[in-house]
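Data first, discussion second: the structure below is written as structure tokens.
Quick note: numbers below take in every heavy atom, side chains included, and nothing from hydrogens, waters or symmetry partners.
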Amino acid sequence: FVALAWKEIQLHEVNLLIAAILFALHLGTLPARLIVSNPNLRTALEMYWALWLLMPLFIGSAAVAEERKLGTLEAQLCLPVSRSAQFSFKFFIGLVLSLLLGAAIPSLIEHTRYFGIKEYFNYWIFACAAAVYFISFYASTLARSTLQAIGMAIGIPVTVWSVLFAVVTLFFEPDN
């Protein structure tokens with residue numbers, strides 16, 4: 001299991017590099033907020049934390065698709081661990097990384113868990129990061145590369161939402 005965990009961490013090395021760069025840039029926005037007087041730029045700097053929600057998208061999209069592209073997914077089947085255990089391990093390592101990088105890090109940097117929504121669910125960023133990860137992991141199982149998985153992870157929810165919106169407005173539109 002240690003070897004599987006290390007292999008998963010190695011698979012996400014690029015994502016961890018992106019997170020390190022994002023972390024450095026986010027720390028740079030904190031003092032910049034105090035210096036900037038333009039309200040539009042200040043708002044953009046205050047919303048920088050939202051970029052962290054891309055990390056679950058990247059992590060989930062790379063989980064299965066990258067190994068499929070590299071041809072290492074089939075080689076894992078000879079390990080002395082069942083296929084379902086390997087898949088579960090892959091899923092949960094990605095989920096932990098997604099929650100850590102997509103929700104916990106921005107919470108720690110911003111020193112709050114509200115992110116502008118104090119009246120509602122305090123930990124909504126964790127639920128959002130988990131939902132983005134689930135969708136992108138599913139897309140990763142369908143795709144053969146990370147870019148295809150990212151496209152599917154964005155396209156599938158947009159398509160489903162559009163269809164649901166069309167059905168609701170078509171059939172449940174109130175009569176005037």
Extract all donor-acceptor atom pairs below 3.5 Å that involve side chains of residues 16-26 and protein atoms in other chains or at least two apart in sequence.
| residue | atom | partner | partner atom | Å |
| --- | --- | --- | --- | --- |
| His26 | ND1 | Trp52 | NE1 | 2.8 |
| His26 | NE2 | Glu110 | OE2 | 2.6 |

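- The closest side-chain heavy-atom distance from Leu54 to Leu57 is below 4.5 Å.
- Taking hydrophobic clusters as Ile, Leu, Val, Met, Phe, Trp and Tyr residues chained together by side-chain heavy-atom distances below 4.5 Å, Trp161 does not share a cluster with Val158.
- A continuous path of ILVMFWY side-chain contacts below 4.5 Å connects Phe171 to Val163, so both sit in one hydrophobic cluster.
- The two residues Phe89 and Ala5 make their nearest non-hydrogen contact at CE2-N, 3.2 Å.
- At distances below 3.5 Å, at least one donor-acceptor pair connects side-chain atoms of Tyr133 with backbone N or O atoms of Phe91.
- Without hydrogens or angle criteria, Lys90 side chain to Val64 main chain gives no donor-acceptor distance under 3.5 Å.
- Atom CZ of residue Arg42 and atom CE of residue Met47 lie 15.5 Å apart, to the nearest 0.5 angstrom.
- Annotation for Met55 and Asn15: closest pair CE-O, 3.1 Å, computed over non-hydrogen atoms.
- Using a 4.5 Å heavy-atom cutoff, the side chains of Val132 and Leu53 are not in contact.
- With Thr141 contributing its side chain and Tyr138 its backbone, the two residues share a donor-acceptor pair below 3.5 Å.
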Check the pair Val36, Leu45 against side-chain contact (heavy atoms from CB on, under 4.5 Å), reporting the backbone distance first and the verdict last. CA-CA 9 Å; Val36 172; Leu45 292 173; 3.8 Å; yes

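- Summarising the geometry of Ala103 relative to Phe126, their closest heavy-atom pair is CB-CD2, 3.4 Å, with the distance given to 0.1 Å.
- In this structure, Lys7 NZ and Gln10 CD are separated by 9.0 Å, a value rounded to the nearest 0.5 Å.
- To the nearest 0.5 Å, atom CZ of residue Arg33 and atom CG of residue Leu41 are 11.0 Å apart.
- When every heavy atom of Gln148 is checked against every heavy atom of Ala143, the shortest pair comes out as CB-CB, 3.7 Å.
- In the hydrophobic cluster analysis, where Ile, Leu, Val, Met, Phe, Trp and Tyr join through side-chain heavy atoms closer than 4.5 angstrom, Leu95 is grouped together with Ile93.
- Atom CD1 of residue Ile105 and atom CD1 of residue Ile125 lie 11.0 Å apart, to the nearest 0.5 angstrom.
- To the nearest 0.5 Å, the span separating CD on Glu46 from OG1 on Thr29 amounts to 9.5 Å.
- Ser98 places no side-chain N or O within 3.5 Å of a backbone atom of Gly60 that could act as its donor or acceptor partner.
- In the hydrophobic clustering of ILVMFWY residues, with side-chain heavy atoms under 4.5 Å counting as a link, Val96 and Leu11 come out apart.
- Heavy-atom minimum distance, Ala149 versus Ser140: CB-CA, 3.7 Å.
- In this structure, the side chain of Ser88 engages the main chain of Ser84 through a donor-acceptor pair within 3.5 Å.
- Although no hydrogens or angles enter the test, the distance criterion places no donor-acceptor pair under 3.5 Å between the side chain of Ser61 and the main chain of Thr146.
- In the hydrophobic cluster analysis, where Ile, Leu, Val, Met, Phe, Trp and Tyr join through side-chain heavy atoms closer than 4.5 angstrom, Ile109 is grouped together with Leu51.
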Using side-chain contact (heavy atoms from CB on, under 4.5 Å), reason through Ile59 and Leu101 one step at a time and then give a plain yes or no. CA-CA 10 Å; Ile59 290 168; Leu101 297 176; 3.8 Å; yes

